[in-house]
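Numbers here simply count residues along the sequence, with the first being 1. Note that the structure is a prediction, hence the values are computed from the model and not measured.
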Amino acid sequence: MKGQYSNIKIAGIASAVPSYVMDNMEYIDLFGKRRVVKQAKMTGVYRHHLSRRYQKTSDLCMRAAEEMIEHLGWNREEIKILLFGTQSADYDIPSTSIDLSARLGLGKDCMAFDINLGCSSYDLGIQAAAGLLQSQPDGTKALVMMGDMAYVPSGGVWEKQDIINIMMFGAGGGVVGIEKQPGNDFTFCNFSDGTGWDAILKYRWTATLMKGNHVFEYAINDVAENLMKFQDELKRTADSTDYFVFHQAQKLIVDNIADVCGLPKEKVITSYEEYGNTSGASVAITICHNRDNFIDKDKVNICSCGFGVGLSMGISFYQIDPKCVLPIIETDEHYDEHMKHNGILYKRRALLMDPCTEIGKMIARQLDRASCNLSLCGDRSTLEELHSQFFWKDCDLFVDNLEKAVEDVSQKYDAVIYDMDNHSKKQIHEQISFLKQQDMLSDTCDVILVSPESESETSLRNFMSNITEEFGCRANTVAYVPDSFDLFPDIGDNTDWIDRQIYSEEPEKMSRPFFLTNAIIRLVSLEFAAVSQTVIHVSDTVNKFS
């Protein structure tokens, strides 16, 4: 589809990235200097920004939008359209843009919806908004947000290919302010090639699958061909365009498109060197990153081109006042007020007894991240320390007093968890007996024992059998080898664990704690509610897994 409007003004552009920076040259010790330098030269990516654990794409876009609205002096009541192009929305439903419109203080008559696009979302987003603005009075305004989070796997053993992929991508959010105003030309075209629908593919439960060669061929052939046709039909030469801004897939792709189209190198601006591939936000980030090159000009003519998932692409030609392009914002802010318990354990209740050991604290933090409705019983200092590290702040704390749970808790527990390095069988038996008498255990409650492998398996099985027979509870054990665990604290928004996992000489030691906590999370979950008297070994010897 092709078109031209004479009343669409690109009023402002802003972008935001996280403050945490990974320098790819630091991987030399891991991969060797020759390989790292070769990849950097080929992709052009030397650094990239990664978000902390709780930051979302919407947080980056929100910060960029707030600063742009203030810079432009916009009346929020005149913003009638908000589009959000992303593959990492906050929710499947509703559209994240609806939440964003409320957070920004926009009126209830603002149309807001998400667009499920990645690298092409900048151009296709502003084109969609431009079309919607045609029915509105002059002066009506629209916001188009776009971006994605960089994928950083948490837990498990990172293969070298995982790290190579991480070296390519960065997190970022962009915002374009659009206004219906006569006397401003906006020309566009877009394409969708459904024959390549599976070139970049992700189901809800899978990682993203990409046919790299297919995407590369599409970029250097179809994208380049369509751009040349677009220029010819407009009867524009490279001389009439100040800057060409492509999706920052990588240097090899951007250089090939520019070469095929015969574009002057000085007119093709980039940002992949500093920010990597930032998906749909890459065009906005590139314009903001290069603003010093044209800040002294009155107007600049921009030809932008986003391409990717679909396979899809959009090309746009417009003018912008450089003073309305903001410098890139670095922020670690995250908005948590609207977060609801929505993880795998959001309907499950668990009581963790005396989590004073490093294993116990780790289990508490991971259960919190799985959205478990968690209660802790132990000494005050430990509970307050853990509570300060939790994302969900609504957990119950019973300070040195299990009996207090009878007064404060009306619902029954689905799991009671013990670190056997800190509890004797006699203590466990007495406490389970008390909880049973107080009718605080659900019909399928699981007494989960976390045990070092120094404990006899026969003894553990006999104890679990006794609990089941006497109290009617399920009982399961997760056993581990203490010496094979690296209990580096993976706490809150701290990003040290990323570097630690990449550079660890024994990465499996960092991964085993995740295996242990994931086993516990599964045992607490409803899908394992029929599992009983099982010993799960998390050890450093393959034949010990059962």
What is the distance from atom CD of Q55 to atom CG of L60, rounded to the nearest 0.5 Å?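 CG of L60 is found 4.0 Å from CD of Q55.
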
Using side-chain hydrogen bond (donor to acceptor under 3.5 Å, both in side chains) as the criterion, point out the one residue from T286, N290, N277 that pairs with S271. T286

Is any side-chain heavy atom of [X] closer than 4.5 Å to a side-chain heavy atom of [Y]?
| X | Y | result |
| --- | --- | --- |
| V309 | W197 | no |
| L311 | F191 | no |
| F317 | I302 | no |

For the student: nearest non-hydrogen atoms of [X] and [Y], plus distance:
| X | Y | result |
| --- | --- | --- |
| D193 | D222 | OD2-OD2, 4.3 Å |
| M168 | A249 | CE-O, 3.6 Å |
| A64 | I329 | CA-CD1, 3.9 Å |
| S15 | A284 | OG-O, 4.0 Å |
| Q127 | I315 | NE2-O, 3.1 Å |
| L83 | A128 | CD1-CB, 3.9 Å |

Might you work through the side chain to side chain contact (heavy atoms under 4.5 Å, CB included) test for M362 and R365, ending with a clear yes or no? CA-CA 5 Å; M362 177 190 66; R365 291 190 291 263; 4.2 Å; yes

Verify the distance criterion only: is there a donor paired with an acceptor across the side chains of N301 and Y243 at less than 3.5 Å?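 Their side chains do not contain a donor-acceptor pair, so the 3.5 Å distance test is not met.
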
Tell me whether the NZ or CZ atom of R103 lies within the 45° cone about the ring axis of Y335 and under 6.0 Å from its centre.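 The answer is yes; both the distance and angle limits are met.
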
Flag the pair [X] and [Y] as a salt bridge only when some basic side-chain nitrogen lies within less than 4.0 angstrom of an acidic carboxylate oxygen.
| X | Y | answer |
| --- | --- | --- |
| D419 | K361 | no |
| K56 | D59 | yes |
| E273 | K251 | no |

Could you walk me through whether H247 and V223 pass side chain to side chain contact (heavy atoms under 4.5 Å, CB included), step by step? CA-CA 11 Å; H247 162 55; V223 173; over 6 Å; no

Decide if the gap between the ring center of F485 and the ring center of Y480 is smaller than 6.0 angstrom. yes

With F307, which of I257, V215, L227, D123 fulfils side chain to side chain contact (heavy atoms under 4.5 Å, CB included)?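 The single option meeting the side chain to side chain contact (heavy atoms under 4.5 Å, CB included) with F307 is I257.
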
Run through F169, Y20, Y275 and flag the one making a ring-ring contact (aromatic ring centres under 6.0 Å, His included) with H49. Y275

